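Here the structure is a predicted model, which means the values were calculated and not measured.
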Amino acid sequence: MSLEQFDSESISNSDNSIIYTPTTISENFTADLLENHDPFRSVPSRVTLLEGQVVLAPPGGRGSIHWACVETEGWLGFRNCISNKFLCHDWNGRLKCSAEQHHGWRHFSIAPVPPKGGYIVQMLDWFKLRPIVIDAENGVQKLGRTGNKLSDGIICEFVKTWEEEKLVQ
């Protein structure tokens with residue numbers, strides 16, 4: 001799904017089973033980046049559950065890249081389609097995928113990035129929204145909710161990858 005075709009209504013409908021997979025299209029968003037450079041990389045990384053860790057990884061690896069986007073009381077949540085667990089964070093602010101339910105420490109929102117497109121994903125941290133950033137460790141691109149301003153965040157797009165038919169009773 002291209003950004004021009006993105007339907008925000010379908011992402012917020014908690015009844016549907018459309019799977020939107022977040023992918024990164026730029027490592028960072030800054031004002032001069034938008035003016036002087038094209039932030040879209042030719043092969044975007046995917047938000048991937050790999051060996052129990054939430055990382056950015058290129059497509060085609062052995063990790064799980066499919067996430068169901070769900071909405072609860074206006075907040076977004078991301079449930080991994082293989083583990084059936086929700087994205088959350090540890091005490092250091094690094095993302096992990098171990099939550100059984102979508103509430104509290106698992107709340108996300110998205111902010112559009114004009115004019116190039118994409119979204120900055122933010123996660124609730126007490127009473128603040130913090131952008132998701134790359135929090136590298138030992139050469140692995142882990143993700144964290146440790147950014148302090150939108151320009152710290154990575155730019156993502158959401159790609160419709162799968163739609164489950166609703167059961168009619």
Side-chain angles (χ1 to χ4, degrees), residues 1-4 6-8 11-12 19-41 43-50 53-59 63-80 85-99 101-160:
M1 171 180 267
S2 73
L3 294 174
E4 292 80 26
F6 183 76
D7 180 5
S8 62
I11 198 169
S12 65
I19 307 301
Y20 288 94
T21 298
T23 64
T24 63
I25 54 178
S26 172
E27 290 190 6
N28 286 87
F29 158 72
T30 62
D32 74 291
L33 179 68
L34 285 177
E35 292 173 9
N36 300 324
H37 304 286
D38 183 358
F40 294 85
R41 296 192 322 221
V43 180
S45 296
R46 304 289 194 270
V47 176
T48 305
L49 179 60
L50 179 63
Q53 299 181 40
V54 178
V55 300
L56 287 181
S64 173
I65 63 168
H66 297 284
W67 302 86
C69 183
V70 300
E71 188 256 348
T72 306
E73 299 178 344
W75 293 102
L76 299 178
F78 299 98
R79 180 182 50 79
N80 184 270
K85 307 276 185 186
F86 284 90
L87 280 181
C88 56
H89 63 81
D90 63 18
W91 289 105
N92 295 320
R94 284 219 171 100
L95 294 190
K96 61 182 186 173
C97 185
S98 61
Q101 299 175 346
H102 174 233
H103 59 73
W105 295 74
R106 298 131 188 121
H107 287 167
F108 291 85
S109 73
I110 57 174
V113 180
K116 294 287 188 174
Y119 299 87
I120 295 182
V121 179
Q122 301 172 91
M123 188 173 196
L124 190 62
D125 177 24
W126 293 99
F127 303 105
K128 296 179 183 181
L129 283 171
R130 295 195 181 269
I132 302 302
V133 299
I134 295 174
D135 191 4
E137 179 181 276
N138 298 328
V140 176
Q141 289 189 321
K142 294 183 179 182
L143 298 174
R145 60 111 183 92
T146 55
N148 289 314
K149 55 188 183 228
L150 276 179
S151 61
D152 293 341
I154 57 174
I155 299 174
C156 298
E157 69 177 340
F158 292 85
V159 179
K160 182 178 176 179

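- A distance of 12.0 Å separates OH in Tyr119 from CD1 in Ile155, rounded to the nearest 0.5 Å.
- We find the CZ-CZ distance between Arg79 and Arg106 to be 14.5 Å, quoted to the nearest 0.5 Å.
- Lys96 meets the side chain to side chain contact (heavy atoms under 4.5 Å, CB included) test with Cys88, Asp90, Ser98; sequence neighbours excluded.
- Test Leu150, Leu76, Ile110 against Gln122 for side chain to side chain contact (heavy atoms under 4.5 Å, CB included) and you get one pass: Leu150.
- Ser109 and Trp75 get closest at one heavy-atom pair: CB-CZ3, 4.4 Å.
- Scanning all heavy atoms of the two residues, the minimum distance from Ile120 to Pro131 falls at CG2-CB, 3.9 Å.
- With hydrogens and angles disregarded, a donor-acceptor distance shorter than 3.5 Å links the side chain of Trp67 to the backbone of Val47.
- Between Asn148 and Arg130, the closest side-chain pair of non-hydrogen atoms falls below 4.5 Å.
- Here the closest heavy-atom approach between residue Asp135 and residue Gly144 is recorded as CB-N, 4.1 Å.
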Steps toward side chain to side chain contact (heavy atoms under 4.5 Å, CB included) verdict (Ile134, Lys142)
CA-CA 6 Å; Ile134 295 174; Lys142 294 183 179 182; over 6 Å; no
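- Across all non-hydrogen atoms, the minimal contact from Thr48 to Gly63 is CG2-CA, 3.6 Å.
- Listed for the His102 side chain is no donor-acceptor partner under 3.5 Å among the backbone atoms of Phe78.
- Contact of the Leu50 side chain with the Val140 side chain is not registered, since no non-hydrogen atoms from C-beta on lie closer than 4.5 Å.
- Residues Leu56 and Ser45 approach most closely at CB-CB, 4.0 Å, considering heavy atoms.
- Pairing each heavy atom of Ile132 with each of Arg145, the nearest pair is CD1-CB, 3.7 Å.
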Can you list the steps and then say if Met123 with Leu95 is a side chain to side chain contact (heavy atoms under 4.5 Å, CB included)?
CA-CA 10 Å; Met123 188 173 196; Leu95 294 190; 3.6 Å; yes
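- Residue pairs satisfying the ring pair (Phe, Tyr, Trp, His ring centres under 6.0 Å) criterion with at least one member in residues 122-153, sequence neighbours excluded, are listed as follows: Trp105-Trp126.
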